Amino acid sequence: MKRTKIVHLLKSEHPVDRVLVKGWVRTRRDSKSLSFIEVNDGSCLRGLQIIADNTLNNYESIAKLSTGSAIAISGKLIESHGSGQKWEVVADKIDIISIAPETYPLQKKRHSDEFLRTIAHLRPRTNKYGAAFRIRSELSYAVHRFFRDRGFKYLHSPIITAADCEGAGELFRVTALALDNPPTKDGKIDYSMDFFGTEANLTVSGQLSAEMFALALGDVYTFGPTFRAENSHTSRHVAEFWMVEPEMAFCDLDGNMDLAEELVKNLTAFIIKECAEDLELFARFVDKNLMATLDNIASSEFIRLPYEAAMEILIKSGKKFEHEVAFGNDLQTEHERYLTEHHFKQPVIVYDYPKEIKPFYMRLNDDHKTVGAMDVLVPVIGEIVGGSQREERLDVLEGRMDEMGLSKDAYWWYLDSRRFGSVEHSGFGLGFERLLMLLTGIRNIRDVVPFPRTPNSIEF
Ligand code: 4AD
Ligand code: MG
């Protein structure tokens with residue numbers, strides 16, 4: 001007989017004569033002749049109450065079942081009177097698959113997030129992390145659905161690359177050279193002897209590949225892992241994170257902002273609708289304002305304002321910030337949060353940033369001072385999306401690369417796209433983990449990544 005997942009059983013419309021359920025014991029309580037076992041199989045937040053009576057031949061072992069033990073139950077699905085939900089199972093037979101000893105760390109009490117990070121291999125078994133990672137899974141599906149519904153094609157951009165898209169130099173080197181005795185030439189490591197015959201690293205963004213495909217297939221997106229060796233110990237940065245990166249041909253900055261706003265709203269509405277039970281846990285135990293925040297995001301029109309206007313608001317605010325507010329400086333998280341949380345109290349898109357603080361590929365505006373960049377800012381998190389209209393004019397792009405000391409030879413293929421049928425195009429990167437933080441109210445990015453990678457931390 002095939003096992004039925006608890007999520008499906010709980011949606012049953014009729015009693016069922018014979019079901020097979022498999023899962024892990026969460027709690028057990030015994031009366032004189034009965035044992036009530038709450039079993040969870042991870043398919044949903046709720047568990048299923050199992051009633052075992054003392055006529056079962058292994059009742060003695062059943063009445064000793066410990067938290068975390070795995071069992072298989074065959075029995076009848078009947079309407080429940082006492083368990084607080086519609087259905088329960090009266091067992092005909094319970095097979096004990098394995099017993100978890102008392103050393104099982106997840107005994108029934110609340111554990112701190114810090115402690116659970118030290119047992120990242122077990123934490124998805126808790127209610128909170130189970131819910132977080134079910135939402136992560138649903139959100140991935142929603143990303144693909146969003147783009148497919150709008151005719152975007154999904155591109156697998158390479159993970160190993162020779163390019164440094166953001167030009168920030170926060171790269172993880174990929175090499176097959178023996179690090180204790182690398183080949184050298186003129187006193188330097190000779191990467192021509194390396195696997196690819198040149199230096200290579202893990203990608204920081206799939207954008208450059210996505211641009212090539214947008215200029216072939218029209219609208220495309222990448223959705224995959226990206227890597228940054230930035231040594232920032234914040235609650236918003238990890239070394240390995242996932243990014244959703246759409247790229248659209250024949251699209252300017254306004255169209256780009258429209259898509260970013262639509263995407264964030266659509267994904268938020270999807271999770272409100274499809275993950276109601278898991279979200280409720282976060283709204284009860286993690287962030288009491290969560291549902292109001294999410295409704296606000298799903299329904300409000302995002303404010304749009306140029307960098308210069310954002311700076312004026314910050315300067316006029318009279319607030320003392322840790323990082324100085326001055327024209328030409330980048331917006332720090334504290335500034336972003338001030339704008340979206342305190343000033344506007346809703347999501348904000350800031351655009352047209354000074355060219356000096358942005359990468360080479362962003363389109364130079366007519367003022368020759370700013371570029372067509374845009375960042376989406378949301379409460380608590382700050383920047384969740386970063387994107388731009390791309391520089392499609394070959395001469396301007398080459399000029400920018402010269403200014404920034406980038407090798408045009410290394411980017412010959414990128415420049416080719418501006419030689420042959422160049423068109424205006426735009427795209428952005430949505431930080432998948434940052435969106436998950438927003439949707440769950442979880443404040444530390446380490447807690448929305450299954451096995452987070454941060455400085456000095458790669459145990460699991
Ligand atoms: O603003 P970023 O650096 O933009 C790019 O990489 C562009 N090439 C994207 C594009 O236009 N296709 O990163 C985009 C988003 C940020 O807004 C943030 O949400 C997330 O990626 N992000 C991080 N998330 C977690 N940990 C980190 N270290 C992150 N760095 C960026
Ligand atoms: Mg950015």
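One is the number of the first residue; the rest follow in order along the sequence. It should be emphasised that the depicted structure is a prediction, and the values quoted were computed from it without experimental measurement. When a ligand or atom number is given, it counts from 1 through the structure's own listing order.
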In terms of relative ring orientation, are [X] and [Y] parallel, tilted or perpendicular, with 30° and 60° separating the classes?
X      : Y      : result
His343 : Tyr338 : tilted
His323 : His335 : perpendicular
Tyr154 : His156 : perpendicular

*Is a salt bridge present between Asp447 and Lys128, judged by a nitrogen-to-oxygen distance below 4.0 Å?*
no
*Do the two ring centres, one from Tyr307 and one from Tyr351, sit under 6.0 Å apart?*
no
_Could you check whether Phe146 and Phe270 have their ring centres less than 6.0 Å apart?_
no
Using heavy-atom distances, let me know which of [options] sits nearest [atom].
atom                    : options                : result
atom 2 (P) of ligand 1  : Lys358, Met243, Arg228 : Arg228
atom 29 (C) of ligand 1 : Trp242, Phe227, Phe241 : Phe241
atom 25 (C) of ligand 1 : Ile445, Thr234, Val376 : Ile445
atom 15 (C) of ligand 1 : Gly429, Pro452, Ser232 : Gly429

Out of all atoms in ligand 1, which are within 4.0 Å of some heavy atom of [X]? Include the element for each.
X      : result
Tyr361 : 7 (C), 8 (N)
Val238 : 26 (N), 27 (C), 28 (N)
Glu245 : 8 (N), 9 (C), 10 (C), 12 (N)
Arg236 : 25 (C), 26 (N)

Please confirm whether [X] approaches ligand 1 to less than 4.0 Å, judged on its heavy atoms.
X      : answer
Glu247 : no
Glu433 : no
Phe432 : no

*Do Arg390 and ligand 1 have an N or O pair less than 3.5 Å apart?*
yes
*Is there at least one pair of N or O atoms, one from His237 and one from ligand 1, spaced under 3.5 Å apart?*
no
Report the nearest protein non-hydrogen atom to [atom]: residue, atom name, distance rounded to 0.1 Å.
atom                    : result
atom 28 (N) of ligand 1 : Glu230 OE2, 2.8 Å
atom 17 (O) of ligand 1 : Glu383 OE2, 2.6 Å
atom 18 (C) of ligand 1 : Arg434 NH1, 3.5 Å
atom 20 (C) of ligand 1 : Gly431 CA, 3.7 Å
atom 19 (O) of ligand 1 : Ile384 O, 2.9 Å

If you count every heavy atom of other residues, nucleotides or ligands that lies below 6.0 Å from [X] atom [atom1], does the total exceed 12?
X      : atom1 : answer
Glu114 : CD    : yes
Lys22  : NZ    : no
Phe282 : CZ    : yes

*So which pairs with a foot in residues 145-172 pass salt bridge (Lys or Arg N to Asp or Glu O under 4.0 Å), sequence neighbours left out?*
Arg150-Glu262
*Sequence neighbours left out, what passes salt bridge (charged side-chain N to carboxylate O under 4.0 Å, His left out) with Glu336? Give chain and number order.*
none
*For residues Asn444 and Asp113, is any side-chain donor paired with an opposing acceptor at under 3.5 Å?*
no
*Does any donor atom in the side chain of Ser407 or Asp409 lie under 3.5 Å from an acceptor atom in the other side chain?*
no
*asked:* Just to verify, what does Glu433 make a side-chain hydrogen bond (donor to acceptor under 3.5 Å, both in side chains) with, not counting sequence neighbours?
replied: Arg136
*Around the Mg ion (ligand 2), how many protein N, O or S atoms are closer than 2.8 Å?*
1
*Could you walk me through whether Phe344 and Leu377 pass side-chain contact (heavy atoms from CB on, under 4.5 Å), step by step?*
CA-CA 11 Å; Phe344 290 110; Leu377 317 178; over 6 Å; no
*What part of Thr226, side chain from CB on, backbone N/CA/C/O, both or neither, has a heavy atom under 4.0 Å from ligand 1?*
neither
